[in-house]
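Letters go in sequence order (proteins before strands), and every chain restarts at 1. Note: hydrogens, waters and symmetry copies are ignored here, and every other heavy atom, side chains too, is used.
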Amino acid sequence: MTERIGVYICHCGTNIAGVVDVANVSKWAGEKLADQGVVISRDYKFMCSSLGQELIQKDIKEQNLNRVVVAACSPHLHEKTFRNACKGADLNPYLCELVSIREQDSWVHTDKAAATFKAKAIVSGGVSRVVHNEELTPLKVPIHPATLVVGGGIAGIQAALEIADAGFHVYLVEREPSIGGHMAQFDKTFPTLDCSACILTPKMVDVGNHPNITLLTWSEVQKVDGYVGNFAVTIKKKPRYIKIEDCTGCGICWEKCPKKVLDTVFEAGMGNRKAVYVPFPQAVPKYPVIDDVNCTYFLKGTCKACEKFCPTNAIDFKQEAEVITVEVGNIILATGYDLFDARRIPQYGYARFANVYTNLEFERLCNAAGPTGGNIVLRDGKTVPKTVGIVHCVGSRDKNYNAYCSAICCMQGLKFAHLVHERTGAEVYNFYIDIRTPSKGYEEFYNRLLEEGTRFVRGKVAEVSDFARVPEEEGKLVIQVEDTLIGKQRRIPVDMVILSSGLQSRHDSKDVAKLFGISCSADNWFIERHPKLDPVATMTEGVFIAGCVQGPKDIPASVAQGAAAAARVLGKIQQKEIALEPVRATINADQCSGCRICNNMCPFNAILFHENEMVSEVNPALCQGCGTCIAGCPAGAISGTGFSNDQILSQIDGLLLLNILKAAVPVES
Amino acid sequence: MVDELAFNYEITNLMYASHGQPITNCLQCGTCSGTCPAVEFMDHTPRQIIGMIRADLKEEVLASNTYWTCASCFHCTVRCPADIDVADMMYALKRYSMWKGQFQAGLIGPDFSEAFVKMIVNSGRSFEPLLAATYLPRYSARDIVQEGLMATGLVLSGKMPLLPKKIKGLKKFQQMVRRIIPIGEQS
Amino acid sequence: MKQYAYYPGCSLESLGKSYHLSAMEVSKALGVELKEIEDWNCCGATAYFPVDEFLAYTLTARNLAKAEKTGLDFVAPCSACYKNAFFTNKYIQHDADLADHINYALEVDDLHVSGTSRVRHLIDIFINDVGLEEIKTKVTNPLKDLRVAPYYGCQILRPRKEHEDVENPQYFENLLSTLGAEPVNYSSKARCCGGSLIITNRKAALDMVRILLQDAVNHDADVIATTCPMCNVNLEVYQAQVNREFGTQYAIPVMYFTQLMGLSFGIVPGHLGIGKQQVSSESMLAIAQNTK
Amino acid sequence: MTEETKPFEPVIIGFTCNWCSYRAADMAGTARIKYAPNIRLIRLMCSGRLDPTFVFKAFAGGADAVLISGCHPGDCHYVEQNYKAMRRFHLLKRVLVQMGIEPGRLKLLWASAAEGAIFAAEINKFVEEVRALGPLNWAKPGELVSTPIMEEVTA
């Protein structure tokens with residue numbers, strides 16, 4: 001049939017029209033591209049508006065168009081919109097091509113003539129390409145109703161409960177022996193100062209008892225196969241050396257265990273645990289873990305005190321790692337953050353001066369269930385500090401370390417100041433660059449601190465030293481800083497320094513991202529599909545993110561994201577089946593020489609070889625549509641829907657058309 | 001677009017090889033001034049100077065002794081969270097003020113640098129005793145006496161030779177210098 | 001026999017003579033040959049940059065060019081020279097435009113610089129090329145009970161960021177321990193001594209010196225060890241003036257790390273230029289030579 | 001102004017992958033980072049889809065240079081297909097020389113979705129390099145047989 005193509009140039013208000021002479025472009029397309037089948041060419045203020053879409057649909061009907069090219073924003077934003085519009089007018093959505101003259105033209109160029117010229121080239125490329133677009137129908141695949149949640153912090157807990165409560169099964173995987181994450185380590189939560197454990201523990205218990213949740217602690221995901229709707233996830237359950245079916249969590253084993261181990265994880269190095277342990281009393285699940293790196297039996301082959309005393313013979317030193325595979329339709333990653341290592345800033349004295357603490361250490365120090373029972377004392381275990389300095393932005397907002405703002409430190413610093421003040425009456429200094437309190441009730445909390453008489457010094461701390469230049473500084477830690485509000489360098493002697501270490505991505509976030517096929521930002525936070533409009537989805541269908549894994553955020557924001565991710569997953573589950581982009585490779589058996597070059601080119605093993613026919617074939621369910629095999633096939637036997645050679649080769653022609661027309665001079669506009 | 005003539009752009013341009021970030025990136029955190037070992041002797045802290053430059057307070061900045069008080073210890077530079085080469089900015093200001101011949105009265109720095117360079121250009125090497133001559137007049141009588149005593153002490157202890165050395169390839173050396181700056185004619 | 005293109009720098013010809021002497025003695029003992037770059041010129045210390053940046057780079061480049069000819073590493077005992085050479089070299093590597101300007105000037109001296117030579121500080125080659133184990137074997141007179149305050153100063157560390165920890169380096173301490181001495185752990189070891197201000201802003205400089213002396217003395221150091229003639233002169237020669245200014249009684253000897261190495265190798269103090277200092281080194285020597 | 005006095009404006013065809021480099025271009029857009037208008041992008045699903053004939057087609061069609069762009073090594077959305085693109089790039093350079101096309105007219109650029117600024121900067125650099133080379137005029141075969149420098153830019 002003869003092509004009848006409609007071309008639509010979007011103004012996007014002034015976003016495009018401000019730089020590109022849209023009228024000129026649409027006029028040009030209507031005339032110069034007529035020979036390629038363009039029968040109508042329009043420009044319109046907002047193509048994506050309902051009116052704009054109706055305009056297209058009307059033309060499809062009245063001008064009986066069989067191809068549509070829209071020149072507007074990036075396909076990643078509105079491709080679906082316009083394809084659906086065409087669908088609405090009974091035109092196969094894949095006969096619609098969206099080319100970007102905003103992100104790739106009007107927004108990045110200033111020379112109007114050149115931008116207009118480029119817009120014409122882009123449109124012409126789209127037109128030449130759309131001619132070769134084929135009618136396609138998305139592949140429908142069923143969605144497995146179960147969900148995998150990785151990470152048992154507050155974000156993962158929230159997501160898991162939302163989905164489980166909606167009646168669908170959840171596998172919650174946690175690396176540590178218990179769920180709870182960082183929140184379980186905190187004492188109070190800002191700005192309301194309610195006790196962290198009091199609000200977290202009930203949720204943890206719910207997770208532990210929920211019939212729809214399979215809790216896999218002390219476990220890690222090893223492998224992820226498949227695609228949205230049908231993931232096969234391989235999980236390694238590290239040996240607990242405890243028969244959980246027999247264990248009652250009575251605690252006799254860790255009472256009797258003779259081996260003390262410095263707890264660098266939960267107690268942040270502030271306290272000890274035993275070689276067989278639960279990280280904290282409210283741990284979920286209640287079963288302990290034997291730490292085989294430190295356990296005397298594993299080191300020396302003797303001891304077994306726990307085994308001797310266990311009333312239910314639940315200890316099993318022979319236990320081995322177990323590898324299981326679960327089927328899920330969607331995945332939520334909530335793997336959280338690591339704390340910035342304050343040792344990297346030696347001038348702040350952490351690990352050089354005893355009484356310099358990290359924020360996490362201080363959380364444990366002032367936690368009623370912590371090593372000092374909540375008494376705020378110096379490392380000597382008795383002296384109550386008289387003056388305390390809280391250093392903000394440690395490793396944050398600093399191009400030498402992390403350039404971004406860690407979002408929580410300001411409020412955390414204020415919280416610490418309040419707790420110190422309340423419990424010790426000590427004088428507290430906050431050293432800050434800017435105080436950022438952008439959420440509900442936060443500024444009020446700041447005001448409260450000001451009223452309490454906390455001292456605020458605006459200036460990034462230069463160094464902490466033990467060098468006393470004057471008698472008042474003897475035996476103190478001296479914080480040297482410019483008080484920028486008076487423009488003077490000050491040396492402030494304190495007894496205790498608390499470093500608000502920033503948040504950073506997990507040390508292994510790159511590997512995790514690769515494991516789940518999503519991408520990381522320059523700072524290794526996971527990248528969301530859209531920073532504003534799609535914060536919990538990723539570029540990979542069926543994989544969602546929640547909490548600090550996406551970027552630094554506080555508890556309320558993490559909970560919100562956990563719930564949001566759950567809602568997105570539930571939406572998918574309800575659809576029961578999902579339409580996959582029909583961008584797939586197919587092998588023409590007649591042309592295939594059976595050379596098998598394509599076979600090992602495919603990273604998804606989607607190409608199988610038929611020995612007897614001596615030809616290869618692509619499994620459309622496994623094929624992800626990258627097209628490498630197409631480019632690699634020496635016989636040219638493989639073709640790819642959506643990105644066929646014809647489409648691309650003619651798009652190249654189209655883009656260069658103007659030059660061939662010897663119109664290298666920006667067309668008079 | 002910003003006015004190219006703005007003082008802060010002049011300064012930025014003067015920081016030729018400073019591969020650090022432009023001072024427009026400064027977040028006024030005060031790390032430089034909190035670190036600076038000589039800050040007590042400065043009219044304005046380094047952070048304030050950056051602020052003043054950005055406010056185009058040219059006269060005030062040039063009139064300040066801050067940049068001539070910089071000891072070039074580069075501690076601010078390595079600590080700056082905005083990756084600004086603050087010490088190099090101080091050099092830029094020194095160059096600018098010498099170029100404009102505009103600086104706080106009574107400062108020794110400008111003359112010293114001038115004299116130092118002259119000496120290098122004339123001999124190829126630097127030589128402490130000669131330098132003394134150029135700046136001593138600026139000192140109080142007491143200082144001069146002390147300086148004298150010390151100098152003699154040094155000479156006696158053989159720490160200080162009595163005559164300067166000249167390098168052999170001086171001619172070519174000076175031609176080389178003339179390819180860069182006009183100053184340094186034989187004197 | 002390890003060879004290096006040696007750039008003594010002006011100070012080692014006058015105020016820093018003893019540094020030169022001791023460096024040579026110690027190198028000899030360690031089988032290191034420092035081949036002086038012929039007809040080198042002043043690197044400009046910190047005083048060129050206020051006048052002209054190109055001039056500053058070019059003058060240093062001339063020495064680098066001469067070193068490149070030899071194909072040996074460029075070694076400077078003076079931290080100021082070292083810093084100038086290191087960065088000039090770095091910029092020449094990374095900034096073709098700057099390199100062209102410089103080479104245009106160097107032409108007249110039939111020289112060309114391409115930034116190929118490695119720029120090192122003297123202490124760096126002793127510690128990293130010779131190695132502490134090797135040095136230990138040469139120690140015949142361990143500096144037992146000698147509390148030494150290692151003073152790094154500024155320019156050996158900064159403004160290098162990629163450099164090993166610039167805020168709390170340890171290699172100087174390790175060297176001193178190898179010599180049998182007791183390194184003093186004090187917070188001012190990398191704080192500026194004000195060397196470049198001693199002429200232009202005496203008041204500020206003396207105050208900076210005072211703070212360093214105070215920190216060292218507070219930690220009962222018997223001697224301050226330096227890696228740079230500027231720092232050394234500043235801390236040593238001006239102690240008397242500090243005392244006059246602030247009514248203090250500091251009398252702490254200041255030695256080059258090479259002088260301490262020499263002592264531990266059992267080289268006679270005279271050959272290391274010890275004894276000519278303004279501040280008496282008697283007390284220090286007494287402990288160092290265990291005659292106390 | 002007249003043809004002669006106008007500076008040469010090269011036309012560059014750029015192939016980007018759907019996941020990293022095309023999104024880097026989008027990022028440059030949303031961040032309003034300006035760059036030379038000489039480049040026109042074609043979106044592929046993966047840089048591994050790049051069939052060498054695409055490059056020849058572009059040159060034959062009048063392009064002065066071609067940019068191949070994909071995810072950083074190790075970050076490929078399709079696991080490792082960008083490595084295939086890299087191999088093809090190196091081969092292509094050799095072939096182009098045989099065809100009398102300066103290897104400098106083909107550039108490989110790794111850009112992650114977060115690297116809009118770098119993407120823009122690299123394009124500007126490339127445009128200047130090609131401007132320096134001048135319009136593509138096919139040298140007689142064998143005129144350029146010096147083996148090309150195998151450089152690859154990491155954004």
For this session: Tell me, please, which residues at least two apart from C:Glu38 pass salt bridge (charged side-chain N to carboxylate O under 4.0 Å, His left out).
Result: C:Lys66
Side chain [X], main chain [Y], donor-acceptor under 3.5 Å:
X	Y	answer
B:Arg125	C:Trp40	yes
C:Glu167	B:Val78	no
C:Arg158	B:Thr77	no

Would you call [X] and [Y] a side-chain contact if the rule is heavy atoms closer than 4.5 Å?
X	Y	answer
B:Val177	C:Leu55	yes
C:Asp110	B:Lys172	yes
B:Met176	C:Thr58	yes
B:Phe173	C:Asp39	no

Euclidean distance, [Y] [atom2] relative to [X] [atom1], rounded to 0.5 Å:
X	Y	atom1	atom2	result
C:Leu197	B:Cys70	CG	SG	7.5 Å
B:Leu107	C:Thr200	CG	OG1	9.0 Å
C:Ile199	B:Ser113	CD1	OG	10.0 Å

Exercise. When heavy-atom pairs shorter than 4.5 Å are enumerated against chain C, which of B:His75, B:Arg79, B:Met90, B:Met98 gives the highest number?
Worked result: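 Option with the greatest count: B:His75.
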Problem set entry | Pairs of heavy atoms under 4.5 Å with chain C: top-ranked of B:Glu40, B:Lys168, B:Gln175 | B:Lys168
Problem set entry | Per-residue contact mode, B:Cys80 against chain C (heavy atom under 4.5 angstrom) |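 B:Cys80 touches chain C through backbone heavy atoms alone.
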Problem set entry | Residue B:Cys76 versus chain C: region with a heavy atom under 4.5 Å |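 Answer is neither: B:Cys76 stays 4.5 Å or more from chain C.
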For this session: State, to 0.1 Å, how close C:Ser196 and B:Ala71 come at their nearest heavy-atom pair, and which atoms those are.
Result: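 Looking at all heavy atoms of both residues, the shortest contact is OG-O, 2.8 Å.
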Exercise. Among C:Gly195, C:Gly273, C:Gly9, C:Cys192, who wins on heavy-atom pairs under 4.5 Å with chain B?
Worked result: C:Cys192
